[in-house]
Amino acid sequence: MDIPKTYDPKQAEQRHYARWEAQNCFAPEINRDPQAPVFTIVIPPPNVTGSLHMGHALQHTLMDVLTRHKRMCGYRTLWLPGMDHAGISTQMVVTKELRKEGLSRHDLGREKFTERVWQWKHESGGQITKQMRREGASVDWSRERFTMDEGLSRAVREVFVRLYEEGLIYRGDRIVNWCPNDQTVLSDLEVEKVPVERGGKLYYLQYPLKTTNGKPDAHLTVATTRPETMLGDTAVAVNPDDERYRDLIGARLLLPIVNREIPIVADEFVDPQFGTGAVKVTPAHDPNDYEMGVRHNLPQVIVIDQFARMTEDAGAEFSGLDRYKAREKVLEKFEELGLLEKVVDYEFSISKCERCKTVIEPLISTQWFCRMDVLRDRALRLMDEEKRPRFTPETPYEKVYTDWLENLRDWTLSRQLWWGHQIPAWYTTDGRVIVARSEEEARTKAGTSELTQDADVLDTWFSSALWPFSTLGWPDETADLRTFYPTSVLVTGRDIIFLWVSRMVMMGMKFVGQTPFQDVLITGTVLDKHGQRMSKTKGNGVDPLDVFDKYGVDATRVTLAASGAGTDIRWNDNQVESYRNFANKIWNAARFCLLNSEGAVINRGFEAGRESWALHDRWILSRLNKTAESVERALSAYDFYAAVQTLYHFFWDDFCDWYIEFSKEEVLQLADTQKFNEHFRGATEIRPDLIAARSRLLTVLEQALRLLHPFMPFITEELWQLLPGIGVNSLHPAYRGAELTIMLTAYPQADESLIDEQAEAEMQAVIELVSRVRNIRAEIGIKPSEEIQIIVNTPDERMNDIFGRNSGKIRRLTRTLMKQPTQVEIPVQIPRASARAVLSGGAEVAVPLEGLIDFARESERLNREREKLQKEAMRLEAQLANPQFAERAPVEKVNETRERLTDIAGRTKALSEMLEALK
RNA sequence: GCCCGCUUGGCUCAGUGGUAGAGCACUCGCUUCACACGCGAGGGGUCAAUGGUUCGAAUCCAUUAGCGGGCACCA
């Protein structure tokens with residue numbers, strides 16, 4: 001067999017995904033067990049405009065690990081993929097394309113434009129689905145969905161109609177966030193607060209009092225960050241308890257420039273501490289003022305239009321001016337009038353469009369809204385009573401989620417876009433509003449066919465909110481909906497807990513009556529190595545595909561999985577490199593097993609019964625089963641880091657460093673015998689004990705590959721396919737009949753009966769012996785190639801026996817010949833010129849070094865060790881001397897401390913004797 | 001303003017009421033027949049500061065400092 005020394009990930013990555021996909025390994029139907037438990041994940045649908053970034057790669061890795069794990073555990077698993085139509089983004093992409101052709105979307109008209117978007121989607125959209133195949137994502141492509149699919153659109157209309165009929169969706173005039181660039185309304189969540197650039201200013205404007213008592217120069221000063229809005233002021237508000245202004249409440253002011261008479265009103269909202277304690281009120285252009293306007297029944301004067309330009313109502317000199325130009329002009333005017341009291345620097349935040357960063361203009365506008373109180377209360381009750389969904393990490397996300405719900409306001413649903421789900425509302429010529437599932441239904445309801453459909457579309461997140469059930473066929477009672485809803489776990493980033501997670505819960509509860517997912521796993525953010533958020537504008541993003549190319553998909557996946565959920569990840573290539581090395585280690589371990597596999601097959605070699613098994617065989621099975629146990633525990637707690645660590649150390653430390661090394665004595669020495677036989681005696685039969693040893697090696701390897709598979713699907717499949725003895729019986733019973741693939745084998749489950757603490761303790765003693773001898777060799781500086789002698793005396797027969805049985809292995813690993821007593825009562829004499837060490841348990845090891853030993857240095861070495869032990873002993877003694885320790889600490893703890901002290905005392909004594917002997 | 005998180009070896013991070021861990025980096029030695037993307041042996045941390053609870057605190061509590069998030073209608 002020809003296996004290269006270095007693992008080339010690309011080979012394996014190209015080979016297996018297409019085959020898995022072609023054989024439908026990802027679809028739940030591959031599972032033939034009608035009783036199988038179900039595991040479902042719906043993917044957070046990436047934007048159709050998007051391409052894969054590290055955040056996706058992280059989430060997809062976690063979802064794939066969970067899915068592959070459950071699949072191997074025999075679950076009927078569905079990981080459902082799909083994409084989001086991403087209203088604004090997509091419309092912008094296509095608009096830009098059109099602009100290159102010198103066209104606007106209005107030149108095409110709505111119908112042609114949306115056709116064009118669909119065309120774009122078919123040709124250039126969904127890059128990410130190709131990239132997901134590269135990741136190894138085991139999603140069921142046969143169930144791929146798009147939020148604009150007919151089925152999902154139908155669900156959208158159904159939900160809209162039902163909510164409308166219940167009065168939860170309504171149309172009305174409200175102050176909304178308007179993006180003058182995108183020409184659409186935005187929900188509160190699509191607006192971000194940004195500190196104002198280049199130092200904000202607070203302007204103090206004087207409004208003259210409309211005099212009734214002959215004080216012509218009396219005025220009231222208001223402070224504002226937006227002077228231009230004064231053109232739309234319809235009142236000034238003060239706090240009712242503010243002594244300064246109490247007498248003025250009810251008085252009237254003459255609004256400068258426009259010369260409008262406006263009242264002074266009292267409102268609790270006003271903070272007397274801020275500015276002058278008097279607030280100008282512009283109900284048409286500020287959310288707070290809007291509320292105050294409602295409370296005091298103030299008129300709304302609209303002075304800014306949807307393009308952020310001043311209206312005619314702002315006055316002839318201002319009409320048509322940009323809002324910032326108008327601001328300058330208003331300030332000039334105030335200065336001329338001597339009414340600009342002062343301008344001070346003031347840091348504050350302004351609202352910007354999350355997408356295009358244009359400053360939002362609060363405007364009064366007719367839009368569709370969704371009342372959230374009823375839906376919200378149900379979600380809160382679910383958390384309160386059932387603690388669903390269960391957030392991981394629980395802190396802080398559970399609280400973040402509930403706090404937000406508690407303060408939830410109505411959701412602005414409509415968007416002035418063409419790409420999206422057009423609102424299923426029609427207007428009759430006489431102004432009636434008909435909400436219906438289809439135009440046909442609307443006609444019936446209206447009793448006329450002269451209808452105009454509402455031009456707006458729904459917020460993209462409206463269809464996303466239905467994703468967990470719309471993708472499964474709702475509103476029809478499909479088999480998929482019955483089987484796969486509610487889903488098991490949602491894996492997503494913290495930035496969309498409000499936008500998406502909470503809304504799915506509310507809609508799922510409302511329309512299916514069950515939480516859409518049991519658990520929510522919140523991943524951290526992938527940062528660059530300086531701790532900065534990766535972003536396109538900063539150009540500090542790391543492209544997952546580049547990392548795949550450089551280090552392989554498996555190594556990248558392990559890196560991401562190990563960073564797990566919750567905390568942010570500082571991306572560092574070093575980490576990936578170390579897991580790339582791990583992949584190579586796996587490759588070479590398998591290479592060794594395969595190069596020595598003639599005659600062997602997996603799942604053999606342990607027939608003889610455990611009493612006859614060698615120490616290292618009992619030990620590796622114990623380690624393997626403990627590993628299976630802790631991986632299982634870690635995954636069920638979504639502790640991916642722990643799972644990766646456990647597997648890494650099991651494979652590298654236990655399997656490679658010790659088990660393979662121990663096996664070599666049998667596998668290689670016997671191989672020599674075999675060659676000898678073949679050569680000199682013409683024997684062709686391979687000795688059965690050799691085959692057994694090789695089979696045991698392969699068996700453990702195969703189990704390890706299975707354990708690793710959810711994390712490293714490609715390398716494990718590549719190697720597994722090479723193993724002799726894989727066959728139909730290798731597959732999990734639920735997948736009998738499927739093509740052979742490691743992804744359909746049974747995930748190793750811990751067998752308690754194979755966990756063997758005694759074997760672990762004994763092996764530990766052998767490992768310690770080997771390590772101490774190596775340590776002495778290194779410290780004394782004995783050439784690695786030189787074989788020397790060691791003397792090992794133990795205080796008990798059993799240990800002596802264990803060392804004796806493993807002497808060949810000890811020899812191989814330490815390049816020493818071991819001398820032991822035939823009876824422990826008569827220890828082997830140790831020459832004075834020896835380097836020595838005491839093992840835990842009291843065994844002594846000595847390396848006779850006639851002529852080589854530096855007595856002074858050796859004394860120093862032993863002294864150092866003795867001091868270390870003495871320090872430890874002192875600490876333990878002090879602890880035991882404290883009467884309260886014995887009194888209050890648990891008995892086991894006290895005993896443990898005593899035992900440790902006894903062991904240390906014994907070893908210290910031995911060291912003292914050695915030191916004495918050196919003199 | 002309110003809420004939350006973090007502070008552990010040079011770096012990136014695990015961790016737990018009872019002997020401080022990993023990977024990388026570092027030092028020394030090895031072309032040992034799976035692997036130099038390797039093997040072996042080492043060095044390195046008063047677990048941010050202070051106080052408290054406890055027989056015992058890096059771990060629990062309080063305060064402080066630094067860093068980072070999230071939320072908020074203060075013009």
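Source: prediction; values computed, not measured.
In this structure, the nucleotide among B:C35, B:A75, B:A22 sitting nearest to the side chain of A:His649 is B:A22. Listed nucleotides: B:C35, B:A75, B:A41. Nearest to the side chain of A:Asp286: B:A75. The side chain of A:Lys193 approaches B:C73 more closely than any other nucleotide in the set B:C73, B:G23, B:C35. Here the side chain of A:Tyr641 is nearest to one of B:A34, B:G29, B:A14, namely B:A14. Set against B:G18, B:C39, B:G69, the side chain of A:Arg494 has B:G69 as its closest nucleotide. Distance from the side chain of A:Val400 is smallest to B:G70 among B:G70, B:A41, B:G38. Checked against B:A36, B:U12, B:G18, the side chain of A:Lys5 finds its nearest nucleotide in B:A36. The side chain of A:Thr395 approaches B:G5 more closely than any other nucleotide in the set B:G38, B:G23, B:G5. Taking the side chain of A:Phe274 as heavy atoms from C-beta on, and the options B:A75, B:G18, B:C39, the nearest nucleotide is B:A75. Distance from the side chain of A:Val279 is smallest to B:A75 among B:A14, B:C37, B:A75.
Contact check on A:Glu786 versus A:Arg777 returns no salt bridge, with no Lys/Arg side-chain nitrogen under 4.0 Å from an Asp/Glu carboxylate oxygen. With respect to A:Glu661 and A:Lys664, a salt bridge is recorded, a charged nitrogen being found less than 4.0 Å from a carboxylate O. The existence of a salt bridge linking A:Lys280 and A:Asp286 is excluded, since no basic side-chain nitrogen approaches an acidic carboxylate oxygen closer than 4.0 Å. Ion pairing between a basic and an acidic side chain is recognised when a charged N comes within 4.0 Å of a carboxylate O; A:Glu779 and A:Arg857 show no such pairing.
For A:Arg591 against B:C35, no side-chain N or O and base N or O form a donor-acceptor pair under 3.5 Å. For A:Asp271 against B:C74, a side-chain N or O and a base N or O form a donor-acceptor pair under 3.5 Å. In the interface, the side chain of A:Gln575 is not paired with the base of B:A22 through any donor and acceptor atom under 3.5 Å apart.
Here A:Lys783 lies out of heavy-atom contact (under 4.0 Å) with every strand. As judged by a 4.0 angstrom heavy-atom cut-off over every strand, A:Arg570 is placed among residues touching the sugar-phosphate backbone only. A:Phe498 comes within 4.0 angstrom of sugar-phosphate atoms only, judged by non-hydrogen atoms across all strands, and of no base. Nucleic acid contact for A:Trp652: sugar-phosphate only, since backbone atoms but no base atoms lie under 4.0 Å from a heavy atom of the residue. Across all strands shown, A:Asp289 has no heavy atoms under 4.0 Å from either base or sugar-phosphate atoms. Using a 4.0 Å heavy-atom cutoff across all strands shown, A:Ser578 reaches sugar-phosphate atoms only and no base atom.
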Bracket notation of RNA chain B in which parentheses pair within the strand, [ ] cross earlier pairs, and | pairs with another strand (Watson-Crick or G-U, under 3.5 Å): (((((((..((((....[..)))).(((((.......))))).....(((((..]....))))))))))))....

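At most 12 heavy atoms of other shown residues, nucleotides or ligands fall within 6.0 angstrom of atom CZ in A:Arg533.
Not less than 6.0 angstrom separates the ring centroid of A:Tyr7 from the ring centroid of A:Phe714.
Residue-to-nucleotide proximity on RNA chain B shows that, of A:Asn572 and A:Arg815, the 5′-proximal contact is made by A:Asn572. When the nearest nucleotides of RNA chain B are assigned to A:Ala583 and A:Cys656 by heavy-atom distance, the more 5′-ward of the two goes with A:Cys656.
The nearest whole Å value for the distance from the CZ atom in A:Arg409 to the P atom in B:C71 is 14 Å.
Aromatic ring pairs are classed by plane angle as parallel below 30°, tilted from 30° to 60° and perpendicular above 60°; the pair A:Trp652 and A:Phe582 is parallel. By the 30° and 60° cut-offs, the orientation of the rings of A:Phe498 relative to A:Trp404 is parallel.
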